[in-house]
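The structure appears right after this line, and notes come after that.
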Protein chains: 2
Amino acid sequence: MKEKKEDRRISRTRKLMHEALMSLIVEKGYEAITVQDILDRADVGRSTFYAHYRDKDELLLSSFEHLRTLFEQQQQAIVASRGSGREPEVNFVLELFRHTGQHHKLYQAIAGKQSGEMILKYLHKYLYNLLIVPHAELVRNRNSPPVPIEITTHVLVSSLLSLMTWWLDNHMPHPPEKMDEIFRILVTPTIEAAFGRKVMKSEYERLVSEHPKGSIMAFYSHYIDGGCCP
Amino acid sequence: MKEKKEDRRISRTRKLMHEALMSLIVEKGYEAITVQDILDRADVGRSTFYAHYRDKDELLLSSFEHLRTLFEQQQQAIVASRGSGREPEVNFVLELFRHTGQHHKLYQAIAGKQSGEMILKYLHKYLYNLLIVPHAELVRNRNSPPVPIEITTHVLVSSLLSLMTWWLDNHMPHPPEKMDEIFRILVTPTIEAAFGRKVMKSEYERLVSEHPKGSIMAFYSHYIDGGCCP
DNA sequence: GTTTTTATGAACACAGTGTTCGATATCGAA
DNA sequence: TTCGATATCGAACACTGTGTTCATAAAAAC
C-alpha cells in the first residue's frame with residue numbers, strides 16, 4: 001500500500017513548501033506571493049525549490065493534485081461500500097461540499113477569493129470533463145436539446161464553482177447539506193429546461209458515478225497536453 | 001457635449017497605450033504583459049506611462065470604464081427613445097450581448113480567456129450591484145425566498161459571465177439573440193425556483209432598468225473604497 | 001562504512017519596476 | 001505669431017524578484 005521509495009528529505013522539503021504556500025495564500029493572496037516568500041517561510045534553500053518545482057504555479061498545482069486524489073479515493077470508497085447494496089448512487093455535489101468542508105483551509109487557499117485564476121481554470125476543466133460524458137448520455141438518442149450540452153455544462157460548472165467560492169469566502173455559513181440543497185434548487189430546473197426532459201436525481205447521480213474513469217482520463221488528456229494553461 | 005479641455009497630446013498618448021494593451025492581450029494574454037511591452041508597442045516613454053497610470057491594472061481598468069460608459073449611454077438612449085411609448089422595458093441581457101458583439105475585440109481583451117482575473121472580478125461586482133436591488137424588490141413583502149438573494153444573484157452573475165466568456169472564446173458562433181434565448185432557457189427557471197414565485201419577463205426587465213442610478217452608485221461606492229481589489 | 005542522493009547558500013546575469021530630472025517638443029490661447 | 005504652460009522624452013537610478021550554477025555539507029540508502 002505504502003510507497004517506500006521516497007526519500008524522507010524529499011517529503012519533508014515538499015511538505016514544508018506546501019504548508020508555506022498555503023499559509024501565505026491565506027495571508028496575502030496567491031498573486032502577491034513571490035518564490036522568495038515561500039523560501040523564507042519554509043526555510044529552504046533557493047536551489048532546493050527549483051530542484052522540485054519549476055515555479056510557484058507548479059507547486060500550487062501539485063497541492064491541487066493531492067486534494068483531487070484524496071477526493072477521488074473518498075468517492076471510490078463510498079461507491080465500494082454501497083456497491084453491493086441497492087443504492088449505488090452517490091450525491092456527487094454533496095460529497096464535494098463535504099470534502100470541501102473537511103479540508104476547507106486547503107480549498108480556501110486553492111478555490112477561494114485569494115487564490116489565483118490559474119487553479120480555478122483547472123478546476124473548471126476538471127469538473128467539465130467529469131460532467132460532459134454523463135450529459136452526453138442524457139441526451140443520447142433524442143432530438144437535439146434546447147441548449148447545446150457544451151454550453152449547459154460550461155455554465156453549470158461555473159455555477160457550482162461560483163457557489164463553492166461564495167461559500168468559502170463567506171466563512172461557510174451553512175452546512176454542506178444546505179449548500180447541496182441550494183445548488184439543487186438553483187440548478188435542477190435549469191438542467192431540465194436545457195436538456196428538454198425530466199431528469200431523475202437518481203439517474204443523474206448514477207450517470208456521474210458510472211463514468212468516473214472515462215472522465216478522469218479525458219481530464220488527464222487535457223492536463224498532459226497542457227491545454228488548460230496556454 | 002464635447003469636452004474641449006483635454007490636451008491633444010494626452011488623448012493621443014492614452015489612445016496609443018490603450019491600443020497597445022488591447023493588441024498585446026489578444027496576442028499573449030494579460031498576465032504575461034509587462035509595462036515594458038506596452039512602452040515598446042505604443043512607442044511611448046517610460047515616465048510618460050507612469051504620468052498617466054499607476055500600473056497596467058489601472059490602464060486596463062480605464063479601458064473597462066470607457067466600455068461601461070459606452071454601454072450605459074446606449075442603454076439610456078434606448079430607454080429615452082422608447083420612454084414615451086407603451087414599452088418601457090429593455091432587454092438588458094440582449095443589449096449586453098449586442099454591445100459585446102459590436103465591440104467584441106475590446107470585450108475579448110477584457111472578458112475573454114486571455115484577460116486577467118482582476119477585471120472579471122470588477123465586472124462581476126458591477127453586475128452584482130446592478131441586479132441586487134431589483135432582486136431585493138422582487139422578494140419584498142414576501143416570505144423569505146427558498147434561496148437567499150445574495151447567493152442567487154452571485155450565481156446568476158457568474159452564469160451570465162460564464163456564458164459571455166464562452167461566447168467570446170468560441171468566436172461567437174451564435175448571434176446575440178440566440179445567446180439571449182439560451183440565457184433565458186438556462187436562467188428563467190432558476191429565478192422562479194430561487195425566488196419562490198413566478199416572475200414575468202417584463203417585470204424583471206422593468207425593475208432592472210428602473211434602478212440603474214441607484215445600482216451604479218452602489219457600484220461606485222465599492223469601486224471608490226477599493227473594495228474590489230485588495 | 002561506503003555510495004548515492006539531496007539540501008545548502010552564495011554568487012551570478014538578467015528582466016522588470018517605479019522614480020527622478022533637465023532638455024525638448026507640442027499645445028492652447030492671446 | 002508669439003509665449004507661457006505642460007506633456008513627452010530618455011537616460012539614469014535603486015530596487016525587487018527570477019532562475020541557474022557549483023562546490024560543499026548533510027542525510028539517506030545500501
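These numbers were taken from a predicted model, which means no experiment stands behind them. We name chains A, B, ... by the order of the sequence lines, and we start the count at 1 in each one.
Residue Thr48(A) places at least one side-chain N or O under 4.0 Å from the OP1 or OP2 atom of dT8(C). One finds no side-chain N or O of Arg8(B) lying less than 4.0 angstrom from the OP1 or OP2 phosphate oxygen of dT26(C). Contact between the side-chain N/O atoms of His52(B) and the OP1/OP2 oxygens of dA7(D) is not found at any separation under 4.0 Å.
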Next item on the list: Show your reasoning for whether side chain to side chain contact (heavy atoms under 4.5 Å, CB included) applies to Tyr128(B) and Glu150(B).
Entry: CA-CA 9 Å; Tyr128(B) 180 91; Glu150(B) 292 80 17; 3.6 Å; yes

His18(A) vs Ser62(A), side chain to side chain donor-acceptor pair (under 3.5 Å): CA-CA, chis, key distance, verdict:
CA-CA 9 Å; His18(A) 277 107; Ser62(A) 90; 2.7 Å; yes

* To do: Using the side chain to side chain donor-acceptor pair (under 3.5 Å) rule, take Tyr30(A) and Asp57(A) through it: C-alpha gap first, then chi angles, then the decisive distance, then the call.
  => CA-CA 9 Å; Tyr30(A) 179 70; Asp57(A) 277 15; 2.4 Å; yes

Using the rule given for side chain to side chain donor-acceptor pair (under 3.5 Å), can you reason through Arg46(B) versus Gln36(B), listing the C-alpha separation, both sets of side-chain angles and the distance that settles it, and then say yes or no?
CA-CA 8 Å; Arg46(B) 183 162 202 76; Gln36(B) 193 62 53; 3.2 Å; yes

Go through the steps to decide whether His154(A) and His124(A) satisfy the test ring pair (Phe, Tyr, Trp, His ring centres under 6.0 Å), and finish with yes or no.
CA-CA 8 Å; His154(A) 187 87; His124(A) 193 285; 4.7 Å; yes

Whether each nucleotide of nucleotides 17-24 of chain D has a protein heavy atom under 4.0 Å at its base (B), only at its sugar-phosphate (S) or at neither (-) is summarised, 5' to 3', as SBBBB---

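Distance Asp43(A) CG to dG9(C) C1': 12 Å, rounded to the nearest Å. As a whole-Å value, the separation of Glu31(B) CD from dG16(C) P is 16 Å. The nearest whole Å value for the distance from the CG atom in Leu39(B) to the P atom in dG18(C) is 12 Å.
A donor-acceptor contact shorter than 3.5 Å links the side chain of Asn170(B) to the backbone of Trp166(B). The closest donor-acceptor contact from the side chain of Thr48(A) to the backbone of Val44(A) lies at 3.5 Å or more, if one exists at all.
Among the heavy atoms of the strands lying under 4.0 Å from Arg9(A) is at least one base atom, whether or not backbone atoms are also near.
Within the 4.5 Å cutoff, side-chain heavy atoms of Trp167(B) are placed close to those of Pro173(B).
Near DNA chain C, meaning a heavy atom under 4.0 Å away, there are no residues from residues 12-24 of chain B.
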